[in-house]
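Notes for the one structure printed next.
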Amino acid sequence: ILCIRAPCLACRVCSINVYRIQLAVSLEEGAGGGGGKPQAAVASWLAGGGRGAVRGAGPAAHPGGSDRYSLKIQPVEKMHLAVVACGERLEETMTMLKSAIIFSIKPLQFHIFAEDQLHHSFKGRLDDWSFLQTFNYTLYPITFPSENAAEWKKLFKPCASQRLFLPLILKEVDSLLYVDTDILFLRPIDDIWSLLKKFNSTQIAAMAPEHEEPRIGWYNRFARHPYYGKTGVNSGVMLMNMTRMRRKYFKNDMTTVRLQWGDILMPLLKKYKLNITWGDQDLLNIMFFHNPESLFVFPCQWNYRPDHCIYGSNCQEAEEEGIFILHGNRGVYHDDKQPAFRAVYEALRNCSFEDDNIRSLLKPLELELQKTVHTYCGKIYKIFIKQLAKSVRDRYARSPKEK
Ligand SMILES: *[C@@H]1O[C@H](CO)[C@@H](O)[C@H](O)[C@H]1NC(C)=O
Ligand SMILES: *[C@@H]1O[C@H](CO)[C@@H](O)[C@H](O)[C@H]1NC(C)=O
Ligand SMILES: *[C@@H]1O[C@H](CO)[C@@H](O)[C@H](O)[C@H]1NC(C)=O
Ligand SMILES: *[C@@H]1O[C@H](CO)[C@@H](O)[C@H](O)[C@H]1NC(C)=O
Ligand SMILES: *[C@@H]1O[C@H](CO)[C@@H](O)[C@H](O)[C@H]1NC(C)=O
């Protein structure tokens, strides 16, 4: 347990067995103090599990002559991450969760929706990581509104439409990052989470475009339903302010009345059932076509897919800053079609949580990537490790166990 050098009052707080709390220590002047303005305010991260630092907290927390202190403890805002795992997705999902844990700074709350037969394995694997104390998880069964359960289950891939119901199931959760199982975080979740604060007053969710290059775009060439923007949006990485999603009344092309999230899904499915190809992602595209002011569009390096490089590079932001979130859709982590994607997946899958192990993942990965330069994605392999290398450096710099 780390403890700031501060009055005893604070020390007592440190002993509370909470893994990571944000201490907002405001030192106020005591009796008779006119304005009662805080003399100093210290906010610092306390971290267990060998991570995080309390740099600078010690000296600043000294009272400097005040005779009374008030101490406010606010629990750190947790970042909520949801995933839906069905079929043979255990290993892939665990690798995604591992990448989230390795680089993220604030504590994580995982919401894992999985078929019943996977629960036991998830529990076993996640409990093996509980020594980290940087995350918590809840496992949920796949559930649908009962009257239409069968219809929802067969839409798109089994279970994929579960995600549409998250705002209704996780009623107590304000905001959530939903990701597909084939996502890898190459930088802290904190960074995408911070985009929530950039939403303007009408935005409720954030996604990346489905394509950068309309000539190879799917929606603009083939869709038989409305879709958002020029090329549609991809729902594999979806950041949501669910408080706003639950409150909003959505414009739609079914009635002149605006409908809430819970009331719009089934009529939408009924209307477009025969015309949709990509299931729930198509429904989201239809929704945001009618309510474009509600969507925050983030750039392609937050949801980087084979489409961004298989016919030549078309995600300019990733070329400049590197890939932030890798999305190996089309099964590319598990076959030989896009070896650059597979190399990153295997490097993270092989990695453990020890600092040295994480640092030493880069060199062999780079060697693997150099073997992929015969592919279009491999030609620009540097963008696969640019941000990753920085995240590894930053993580090491945060670690108090510097050598
Ligand atoms: C995880 O959840 C348990 C109980 O649900 C709670 O006591 C604990 O503080 C939580 N840990 C973190 C890191 O949030
Ligand atoms: C479905 O597609 C057909 C053929 O393109 C089109 O005529 C029809 O209007 C579409 N249905 C809806 C609900 O958009
Ligand atoms: C989500 O929106 C609600 C309502 O506008 C707001 O109170 C809340 O702070 C937002 N959450 C985040 C994480 O920005
Ligand atoms: C919020 O941003 C979206 C997308 O740029 C825009 O369509 C919408 O009008 C903005 N809302 C407000 C209130 O400015
Ligand atoms: C990951 O481990 C497997 C088997 O343990 C090994 O064959 C492979 O080369 C490793 N890959 C990387 C990128 O470290």
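Both counts, for ligands and for their atoms, begin at 1 and track the order of listing.
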Number the atoms of ligand 4 from 1 as they appear, then name those within less than 4.0 Å of a heavy atom of [X], with their elements.
{"X": "T202", "result": "1 (C), 8 (C), 10 (C), 11 (N), 12 (C), 13 (C)"}
{"X": "S201", "result": "13 (C)"}
{"X": "N200", "result": "1 (C), 2 (O), 3 (C), 8 (C), 10 (C), 11 (N), 12 (C), 14 (O)"}
{"X": "E293", "result": "3 (C), 7 (O), 8 (C)"}
{"X": "Q203", "result": "1 (C), 2 (O), 3 (C), 4 (C)"}

Could you tell me whether [X] and [Y] have their ring centroids closer than 6.0 angstrom?
{"X": "Y140", "Y": "F113", "answer": "yes"}
{"X": "F324", "Y": "F185", "answer": "no"}
{"X": "F199", "Y": "F296", "answer": "yes"}
{"X": "F135", "Y": "F110", "answer": "yes"}
{"X": "Y345", "Y": "Y333", "answer": "yes"}

Which atoms of ligand 3 sit under 4.0 Å from any heavy atom of [X]?
{"X": "S175", "answer": "11 (N), 12 (C), 13 (C)"}
{"X": "K197", "answer": "12 (C), 13 (C), 14 (O)"}
{"X": "R247", "answer": "4 (C)"}

Next on the checklist: Please evaluate residues F288 and I204 with respect to the criterion side chain to side chain contact (heavy atoms under 4.5 Å, CB included), reporting the C-alpha separation (whole Å), side-chain torsions for both, the decisive distance (0.1 Å), and the verdict.
Outcome noted: CA-CA 10 Å; F288 288 108; I204 63 169; 4.1 Å; yes
Checklist entry - Would you say D174 has any N or O atom under 3.5 Å from an N or O of ligand 3, going by distance alone? => result yes
Checklist entry - Mind checking whether T243 has an N or O less than 3.5 Å away from an N or O of ligand 3? => result no
Checklist entry - Using a distance-only test with no angle check, is there a side-chain donor-acceptor pair under 3.5 angstrom linking N285 and Y219? => result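 There is such a pair (donor and acceptor under 3.5 Å, judged by atom type) between the side chains of N285 and Y219.
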Next on the checklist: Using a 6.0 Å cut-off, check whether atom NE2 of H120 has over 12 heavy atoms from anything other than its own residue.
Outcome noted: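 No - once you tally the heavy atoms of other residues, nucleotides and ligands closer than 6.0 Å, there are 12 at most.
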For ligand 2, list all ligand N or O to protein N or O distances below 3.5 Å, rounded to 0.1 Å.
from     : atom 1 : to   : atom 2 : distance (Å)
ligand 2 : 2 (O)  : N275 : ND2    : 2.3
ligand 2 : 11 (N) : N275 : ND2    : 2.9

Do the ring planes of [X] and [Y] sit parallel (below 30°), tilted (30 to 60°) or perpendicular (above 60°)?
{"X": "H80", "Y": "H111", "value": "parallel"}
{"X": "H225", "Y": "Y272", "value": "perpendicular"}
{"X": "F353", "Y": "F131", "value": "perpendicular"}

